[in-house]
Amino acid sequence: MARMYRSRLTEADVTPREIWMNRRQLLAGAGALAAAGAAAGPAAAKLTTVESKYSTMEKSNSLHDITHYNNFYEFGLAKTDPARYADKLTTSPWSVEIGGLVDKPGTYSLDDLMKGITLESRIYRFRCVEAWSMVIPWDGFPLSKVLDRAGVQPSAKYIAFQTVYRPSEMPGQKTSILEWPYVEGLRMDEAMNPLTILATGIYGEPMPKQDGAPIRLVVPWKYGFKSIKSIVKITAVADQPPTTWNRAAPNEYGFYSNVNPHVDHPRWSQATERRIGGGLFSPRIKTLMFNGYGDEVAAMYKGMDLRKDF
Ligand code: MTE
């Protein structure tokens, strides 16, 4: 576990400086250059980010893998459908409504929402409930920053999220494969956990549409379906909110959906996973409890029966 965290052993400790620098530049663009004291050239469309102690040292998947093997049912059922059809989605202008049990409800343009917020490069493992996984270098910021600004009231116990509903641009929403719009939720301590981020980019570039542009949730210790894409609404609520996959199949997808190798999906094992991009003959890897993020999150579930509250 410990060796997976850059906070304890950095890539610079094990990699020659030039290679490390190149990798960091690729990942974080102008931010890494500036941080390293090098002359930063024109930033182009690159996002400026800072490194995070929460990043894994595992090798990131290629941008091609990350953008051509997706689940985004608003654009179809096949893994390649989002890459084919998501360009139809208008992501600018975009606004996010923050409401419910908060002191300062409001509808914010993406720029206003992110005013004064520093983007971080967060390289996380990402484990889908279908037993495949990737390593993704997200650019984002803790959800807690937005919630703290809005002033969550003590009576709020959960945060509910909603994806844009726009059937004219999202053909899947004209079908009944799922109930639309896609909704998700987190308990308040999960929402406030420093690992929980709103991501607006990947590899230092603005979020690709098929990955949930312009802003999506990333909760790395939970199955991927909790990481809701293309968010337009964040609401602080008193009661546990409904979630799309739990509505669709409550016996298969619980509210918590923490990555758990000991609790199998009714139709397949969750003990191992297939890392995308590893090639046809690469061995399956062992799935880790909480996707390997137990140090940061296990305490939140103390005393809970994770077989019952799956
Ligand atoms: N969000 C919305 N709005 N619609 C979706 O279909 N799919 C979920 C999640 N967020 C989904 C969504 C699932 S099942 C997974 S595994 C991840 O997004 C996939 O994210 P990725 O395609 O960026 O890897």
Side-chain angles (χ1 to χ4, degrees), residues 60-86 88-89 91 94 96 122-140 160-167 169-186 196-203 205-234 241-249 252-254 257-259 265 268 270 273-277 287 291:
S60 291
N61 278 87
S62 69
L63 188 61
H64 188 271
D65 286 344
I66 297 169
T67 54
H68 290 78
Y69 192 90
N70 298 100
N71 278 332
F72 201 166
Y73 288 85
E74 284 85 340
F75 296 104
L77 289 171
K79 295 285 182 278
T80 47
D81 283 342
R84 288 173 72 181
Y85 303 119
K88 280 206 192 118
L89 180 65
T91 55
W94 192 270
V96 180
R122 295 271 187 123
I123 309 172
Y124 282 162
R125 287 179 294 281
F126 187 84
R127 169 65 157 80
C128 178
V129 75
E130 297 162 341
W132 54 264
S133 66
M134 294 202 204
V135 175
I136 304 183
W138 306 105
D139 304 299
F161 305 87
Q162 192 176 306
T163 293
V164 68
Y165 180 66
R166 207 179 284 159
E169 296 182 353
M170 298 172 128
Q173 289 181 337
K174 291 183 185 150
T175 75
S176 51
I177 46 174
L178 286 174
E179 211 174 299
W180 310 110
Y182 196 101
V183 290
E184 257 304 336
L186 294 173
T196 303
I197 58 168
L198 288 171
T200 58
I202 291 175
Y203 270 118
E205 305 279 355
M207 186 64 74
K209 291 187 180 181
Q210 57 266 47
D211 288 285
I215 186 163
R216 70 172 290 171
L217 188 70
V218 181
V219 195
W221 72 94
K222 291 178 179 284
Y223 291 122
F225 66 84
K226 298 291 292 181
S227 294
I228 182 173
K229 296 177 170 184
S230 305
I231 295 171
V232 290
K233 209 166 167 183
I234 299 176
T243 64
T244 290
W245 283 101
N246 180 252
R247 270 178 177 162
E252 298 186 11
Y253 310 106
S257 287
N258 295 311
V259 175
H265 187 277
W268 59 85
Q270 294 291 23
E273 64 202 50
R274 178 173 63 95
R275 185 61 57 84
I276 300 297
T287 290
N291 203 19

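Ligands are counted one by one from 1 in listed order, and the atoms in each one are counted from 1 as well.
- Side-chain N or O atoms of Thr244 include one that pairs as donor or acceptor with a backbone N or O of Val183 at under 3.5 Å.
- Partners of Lys209 by salt bridge (Lys or Arg N to Asp or Glu O under 4.0 Å), not counting sequence neighbours: none found.
- Screening residues 76-85 for side-chain hydrogen bond (donor to acceptor under 3.5 Å, both in side chains) gives Asn71-Lys79, Lys79-Glu130 as the qualifying pairs, with residues at least two apart or on separate chains.
- For Lys174, there are no salt bridge (Lys or Arg N to Asp or Glu O under 4.0 Å) partners two or more places apart in sequence or in a different chain.
- Remark: of the listed residues Tyr253, Tyr223, Tyr182, Tyr182 is the sole one forming a side chain to side chain donor-acceptor pair (under 3.5 Å) with Trp245.
- Contacts of ligand 1 (protein heavy-atom distance under 4.0 Å) are Asn70, Asn71, Phe72, Tyr73, Glu74, Phe126, Cys128, Thr163, Tyr182, Asp211, Arg216, Gly224, Phe225, Ser227, Ile228, Lys229.
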| message | Working note: Ser133 + Arg127, criterion side-chain hydrogen bond (donor to acceptor under 3.5 Å, both in side chains); need CA distance, chi angles, decisive distance, verdict. | response | CA-CA 4 Å; Ser133 66; Arg127 169 65 157 80; 5.9 Å; no
